[in-house]
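Heads up: the structure comes next, in structure tokens.
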Amino acid sequence: MTYEKEIGALREKINMLNVEIVKNIAERVMVAMKIGAVKHRHNKPIEDRNREEKIHQQVRGLAEEAGIDSESVERVFMEIIALCTRAEREQE
């Protein structure tokens, strides 16, 4: 197999994974917006540090199980959480 065919197939797989990742992030944002609406109706604060810490623990564990760098995955989720928090605030 040539380099171009081999790398092309792998890059196509990366492209398909990117589509799935963005779809999953979009779905997470939509759920976060619903959570924001519930919080607003019940006069609860948008930010929940205890919940965020549980998420961080969860993703660190998942990353370790997957054999990838847990600190890097946690940083990615910090950005995802920030995106979702902004979406929740839109419900105010």
Side-chain angles (χ1 to χ4, degrees):
M1 181 179 290
T2 67
Y3 169 80
E4 290 303 323
K5 284 186 180 183
E6 190 173 354
I7 202 77
L10 292 169
R11 287 181 175 158
E12 183 59 32
K13 178 67 176 177
I14 289 287
N15 291 343
M16 290 181 344
L17 290 168
N18 289 342
V19 169
E20 290 302 312
I21 290 167
V22 171
K23 283 181 182 178
N24 286 331
I25 291 171
E27 184 176 356
R28 193 182 195 285
V29 168
M30 294 302 298
V31 172
M33 291 173 73
K34 291 176 183 178
I35 289 171
V38 170
K39 288 176 179 178
H40 181 70
R41 279 196 308 275
H42 292 274
N43 295 312
K44 299 293 182 181
I46 293 298
E47 292 185 20
D48 182 344
R49 298 294 179 204
N50 289 330
R51 173 67 179 143
E52 288 181 24
E53 182 53 36
K54 287 178 184 176
I55 293 169
H56 289 290
Q57 289 173 2
Q58 178 193 31
V59 298
R60 283 192 305 263
L62 292 169
E64 289 169 7
E65 288 174 15
I68 58 177
D69 180 50
S70 62
E71 289 181 17
S72 294
V73 171
E74 186 175 11
R75 283 194 301 274
V76 169
F77 268 83
M78 289 173 74
E79 290 299 321
I80 292 170
I81 290 168
L83 175 66
C84 291
T85 300
R86 285 191 299 275
E88 284 185 51
R89 287 195 188 292
E90 291 177 6
Q91 300 305 305
E92 293 183 322

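Atom CD of Glu53 is separated from atom CG of Asn50 by 8.5 Å, given to the nearest 0.5 angstrom. Note that the CD atom of Glu88 and the CG atom of Asp48 stand 9.5 Å from one another [nearest 0.5 Å]. Atoms CD and CZ, on Glu6 and Arg11 in that order, are 11.5 Å from each other to the nearest 0.5 Å.
A continuous path of ILVMFWY side-chain contacts below 4.5 Å connects Ile81 to Val59, so both sit in one hydrophobic cluster. Cluster membership check: Ile80 shares its hydrophobic cluster with Val29, using side-chain heavy-atom separations under 4.5 Å among Ile, Leu, Val, Met, Phe, Trp and Tyr. Both Ile21 and Met30 are assigned to one and the same hydrophobic cluster, defined by single-linkage of ILVMFWY side chains at heavy-atom distances under 4.5 Å.
Checked against salt bridge (charged side-chain N to carboxylate O under 4.0 Å, His left out), Glu64 has no partners two or more places apart in sequence or in another chain. Considering only residues two or more places apart in sequence or on other chains, Glu71 meets the side-chain contact (heavy atoms from CB on, under 4.5 Å) condition with Asp69, Arg75. Applying the side-chain contact (heavy atoms from CB on, under 4.5 Å) test to Ala37 and every residue at least two apart in sequence or in another chain returns Arg41, Gln91. Residues satisfying the side-chain contact (heavy atoms from CB on, under 4.5 Å) test with Asn43, not counting sequence neighbours, are none. In this structure Ile68 satisfies the side-chain contact (heavy atoms from CB on, under 4.5 Å) test together with Ala63, Ala66, Val73, sequence neighbours excluded. With sequence neighbours excluded, no residue satisfies salt bridge (charged side-chain N to carboxylate O under 4.0 Å, His left out) with Arg28.
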Checklist entry - Does the pair Lys13 and Leu10 meet the rule for a side-chain contact (heavy atoms from CB on, under 4.5 Å), with working shown? => result CA-CA 5 Å; Lys13 178 67 176 177; Leu10 292 169; 5.6 Å; no
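In this structure the side chain of Glu79 never reaches within 4.5 angstrom of the side chain of Leu83, judged on heavy atoms. Counting only heavy atoms from C-beta outward, the side chains of Glu47 and Arg89 approach each other to under 4.5 Å. Considering only heavy atoms from C-beta on, Arg60 comes within 4.5 Å of Gln57 through its side chain.
Of the possible donor and acceptor atoms, none in the side chain of Lys39 sits under 3.5 Å from a partner among the backbone N and O of Lys44.
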